[in-house]
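Structure record follows, encoded as structure tokens.
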Amino acid sequence: SYVEDTVHDLTDIVVADPDGDALTVTLTLSDVTVGTLNVATVGSTSSVFAAGVWQATGPASELNALLAGLTFIPAADCHASFTVQVRVSD
């Protein structure tokens, strides 16, 4: 659950890869009208957000730094139920 019109930290997402390969992290909002996820750059890794999908590709250390600063910004006066799907691939 979340409080309407309040930015929320999504800091509990952490990725790892024992091989050290670059990873792609994708977060998908089940309802694109509920709000947005912030974007940022850490090192050489940048995140993008469009059409309800947040994505970044890079080393786990940079992805974890991006994920540590990830926030959900709800749409004004929105109080709908939704989910965030998290997918990690290498």
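- For T33, the side chain to side chain contact (heavy atoms under 4.5 Å, CB included) criterion is met by D31, not counting sequence neighbours.
- A search for side chain to side chain donor-acceptor pair (under 3.5 Å) contacts involving T36 returns nothing, not counting sequence neighbours.
- By the side chain to side chain contact (heavy atoms under 4.5 Å, CB included) test, D12 pairs with no residue at all, sequence neighbours left out.
- The list of side chain to side chain donor-acceptor pair (under 3.5 Å) pairs with a residue in residues 70-80, not counting sequence neighbours, reads N38-T71.
- Other members of the hydrophobic cluster containing I73, listed by chain and number, are V7; membership follows side-chain contacts under 4.5 Å among ILVMFWY residues, whether direct or relayed.
- A 4.5 Å side-chain heavy-atom check between V14 and L67 finds every atom pair outside the cut-off.
- In this structure, CD on E62 lies 12.0 Å from OG on S47, to the nearest 0.5 angstrom.
- In terms of heavy-atom proximity, I13 sits nearest to N64 at O-OD1, 4.4 Å.
- Among residues at least two apart or in separate chains, ring pair (Phe, Tyr, Trp, His ring centres under 6.0 Å) pairs with a member in residues 52-78 are Y2-F72, F72-F82.
- Nearest heavy-atom pair, A60 versus A16, reported as atom, atom and distance to 0.1 Å: CB-CA, 4.3 Å.
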Q | Residue pair L70, D9: steps toward the side-chain contact (heavy atoms from CB on, under 4.5 Å) verdict | A | CA-CA 6 Å; L70 187 61; D9 295 330; over 6 Å; no

Please tabulate, for side-chain N and O atoms in residues 17-29, each donor-acceptor pair with protein atoms closer than 3.5 Å (sequence neighbours left out).
from, atom 1, to, atom 2, distance (Å)
D17, OD2, G20, N, 3.0
D17, OD2, D21, N, 2.7
T24, OG1, T57, OG1, 2.8
T26, OG1, Q55, NE2, 2.8

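- Every residue meeting the side chain to side chain contact (heavy atoms under 4.5 Å, CB included) condition with S61, not counting sequence neighbours, appears here in chain and number order: P59.
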Let me have the donor-acceptor pairs involving side chains of residues 83-90, under 3.5 Å, with sequence neighbours excluded, atom names and distances please.
from, atom 1, to, atom 2, distance (Å)
T83, OG1, S30, OG, 3.4

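- Among residues two or more places apart in sequence or in another chain, the side chain to side chain contact (heavy atoms under 4.5 Å, CB included) test is passed with V32 by none.
- Scanning all heavy atoms of the two residues, the minimum distance from D5 to P74 falls at N-CG, 3.9 Å.
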